[in-house]
Number of protein chains: 2
Amino acid sequence: MEAVKAELNKTPRSLSKQARRKQLIEATIKCIADKGLSGTTMADVTQQAGLSLGIVNLHFQSKEKLLIETLSYISDEYTSGLNEIFNDDKLTPEQKILAHINFDFSRKIIDRNKLAVWFAFWGETKSRPTYLSICASYISEIANNLTHLFAVLKQQGGYSTVNPDLVCTCYTALSDGLWLDLLITPKGLKPAQAQAVAMHYLATQFPNHFKSQTGH
Amino acid sequence: MEAVKAELNKTPRSLSKQARRKQLIEATIKCIADKGLSGTTMADVTQQAGLSLGIVNLHFQSKEKLLIETLSYISDEYTSGLNEIFNDDKLTPEQKILAHINFDFSRKIIDRNKLAVWFAFWGETKSRPTYLSICASYISEIANNLTHLFAVLKQQGGYSTVNPDLVCTCYTALSDGLWLDLLITPKGLKPAQAQAVAMHYLATQFPNHFKSQTGH
DNA sequence: CAACTGAATGAATAACCATTCATTTTTACT
DNA sequence: AGTAAAAATGAATGGTTATTCATTCAGTTG
């Protein structure tokens with residue numbers, strides 16, 4: 001990972017295949033944010049990357065594959081960040097949930113370019129089975145982990161009326177909806193406020209563990 | 001409205017301009033759902049409508065204007081439905097909120113073709129100021145009305161700790177996120193379940209007025 | 001019913017865009 | 001340094017698509 005980043009200083013030709021692909025994917029993210037999925041052309045992407053027109057076909061075979069890899073890229077970034085939290089044995093369930101929220105609204109994830117990419121692909125899932133299956137797999141993986149955390153907290157904290165499945169569905173939807181707010185009304189809602197809204201909901205379910213700010 | 005519908009029985013040439021535009025917009029919705037925003041061509045739309053290729057330019061001047069009218073169409077349908085509820089003097093605030101939820105997850109709104117259109121446009125708002133401004137205006141109109149209802153219910157119901165702005169932001173985001181669930185995991189979540197999730201949240205804020213189903 | 005009006009058609013056009021591949025440039029290896 | 005292999009280039013290609021507009025057609029009017 002760091003090795004890949006260091007390579008960016010070398011002359012273009014010396015970049016590894018992996019780093020070149022990453023460079024092109026990041027150019028794609030920028031283009032989708034700037035011009036929309038429908039307005040992004042191969043010329044746009046390669047120009048954004050500062051490379052020649054044919055380079056995408058060389059590394060990805062086709063535009064369609066580049067787009068699929070771009071969706072996979074942001075999905076992997078998101079799920080791997082969450083998995084690090086889930087698998088961290090030093091954290092209690094409560095701390096894991098807290099870390100999850102922090103991650104959901106962190107600078108790395110709440111980047112309006114990436115948010116635009118998420119929504120661009122979500123908007124095409126109905127017509128593109130490949131996009132749908134990529135989304136479906138990360139969604140169910142995260143839901144399983146999160147539901148489990150809520151179930152443990154319910155048990156340990158004596159929250160007898162909490163329904164972990166319901167809370168997972170509600171929290172996940174809330175988080176996605178707040179992402180939309182952050183994408184569409186950038187001047188209206190700041191990431192920290194969005195995070196406070198999410199906390200406010202969790203505080204309704206686990207009042208002994210999470211506190212809602214009194215914010216107004 | 002009914003007059004327009006009745007016209008659909010007439011021969012093609014006798015349809016009013018208004019009805020023809022509606023016909024083309026509905027064909028556009030179907031195409032965006034079936035082929036995505038980027039995959040929708042003029043040939044697709046006109047064929048879906050059973051009309052000839054040049055008809056869109058005749059009625060909308062350009063593809064771009066057709067798309068803008070399509071976004072306006074679903075926005076208007078949504079906001080006018082909500083405004084009917086807000087402006088119905090026979091309903092109490094509590095009943096209005098209930099009607100709002102019912103509407104958000106009604107068959108008319110939760111049509112996967114239309115959901116696909118919402119997300120398709122949301123994904124392009126960052127790059128298309130026109131789309132953004134259409135979205136921004138209906139969002140703020142609805143938020144004002146909804147916040148007001150929550151404020152009245154807070155007052156009347158003695159919910160001293162409720163923050164109407166926060167509840168409005170949270171409910172709206174939750175609703176949008178549930179729409180995403182309904183779009184992406186159609187077999188996983190039914191509209192009635194999504195509505196129950198939204199109710200579950202409102203029950204946390206206004207427990208004397210709304211009850212969460214015990215659902216499992 | 002003949003002349004008129006405007007809606008609708010779809011072949012033709014012109015612009016756009018993904019992909020190819022012959023050529024050039026760089027790197028690795030001896 | 002010399003050579004082979006790999007990476008990158010970008011002009012050319014071919015397919016696609018939005019838009020135009022001369023023509024056709026249906027409905028209306030006097």
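Every chain is numbered from 1 and lettered A, B, ... according to where its sequence line falls, protein lines coming before strand lines. Computed from heavy atoms alone, side chains included, the values below leave out hydrogens, waters and symmetry copies.
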Participant: Near DNA chain D, under 4.0 Å by heavy atom, which residues of residues 58-67 of chain A?
Facilitator: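 Those residues are A/L58, A/H59.
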Participant: Just checking A/T46: base, sugar-phosphate only, or nothing, at a heavy-atom cut-off of under 4.0 Å?
Facilitator: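 The answer is nothing, as A/T46 stays clear of every strand by at least 4.0 Å.
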Participant: Between A/R20 and A/Q23, does any side-chain donor sit less than 3.5 Å from a side-chain acceptor?
Facilitator: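 Note: A/R20 and A/Q23 side chains meet the donor-acceptor criterion.
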Participant: Which listed nucleotide (C/dT9, D/dA8, D/dG10) is nearest to the side chain of A/I55?
Facilitator: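 Minimum distance to the A/I55 side chain belongs to D/dA8.
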Participant: Within this structure, what is the CZ-to-P distance between A/R21 and D/dA8, rounded to whole angstrom?
Facilitator: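 Answer to the nearest Å: 12 Å.
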Participant: Expressed as a whole number of angstroms, how long is the span from B/L53:CG to D/dT19:C1'?
Facilitator: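 The answer, rounded to whole Å, is 9 Å.
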Participant: Expressed in angstrom and rounded to an integer, what is the separation of A/R20 atom CZ from D/dA7 atom P?
Facilitator: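 A/R20 atom CZ is separated from D/dA7 atom P by 10 Å.
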Participant: On DNA chain C, compare the nucleotides closest to A/G39 and A/G54; which residue's is nearer the 5' end?
Facilitator: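 Going by which nucleotide is closer to the 5' end, it is A/G39.
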Participant: Which side chain to side chain donor-acceptor pair (under 3.5 Å) pairs, counting each pair once, include a residue from residues 90-104 of chain B, with sequence neighbours left out?
Facilitator: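 Side chain to side chain donor-acceptor pair (under 3.5 Å) check on residues 90-104 of chain B returns B/Y78-B/D104, B/T92-B/Q95, B/H100-B/D104, B/N102-B/Q195, B/D104-B/Y171, B/D104-B/S175.
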Participant: D/dA7 C1' sits how many Å from A/N57 CG, rounded?
Facilitator: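 That distance rounds to 15 Å.
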Participant: Please report, rounded to the nearest Å, how far the P atom of D/dA18 is from the CE atom of B/M42.
Facilitator: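 Value for this atom pair: 6 Å.
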Participant: Would you call the rings of B/F119 and A/F119 parallel, tilted or perpendicular, where under 30° means parallel and over 60° means perpendicular?
Facilitator: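 Judged by the thresholds at 30° and 60°, the geometry between B/F119 and A/F119 is parallel.
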Participant: Of the listed nucleotides (D/dT17, C/dA8, D/dA8), which one gets closest to any side-chain atom of B/T41?
Facilitator: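 That would be D/dT17.
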Participant: I need the CD-C1' distance between A/Q47 and C/dA18, as an integer number of Å.
Facilitator: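 It is 16 Å, rounded to the nearest whole Å.
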Participant: Kindly indicate whether the side chain of B/R128, heavy atoms from C-beta on, has any atom under 4.5 Å from the side chain of B/L132.
Facilitator: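 When only atoms from C-beta onward are counted, B/L132 and B/R128 do not touch, as no gap falls below 4.5 Å.
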Participant: Could you pull out all residues at least two apart from A/D34 that satisfy side-chain hydrogen bond (donor to acceptor under 3.5 Å, both in side chains)?
Facilitator: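 Listed in chain order: A/K30.
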Participant: Determine, step by step, whether B/K65 and B/V56 satisfy the side-chain contact (heavy atoms from CB on, under 4.5 Å) criterion, reporting the C-alpha distance in whole Å, the side-chain angles of both residues, the deciding distance to 0.1 Å, and the verdict.
Facilitator: CA-CA 10 Å; B/K65 283 182 183 166; B/V56 165; over 6 Å; no
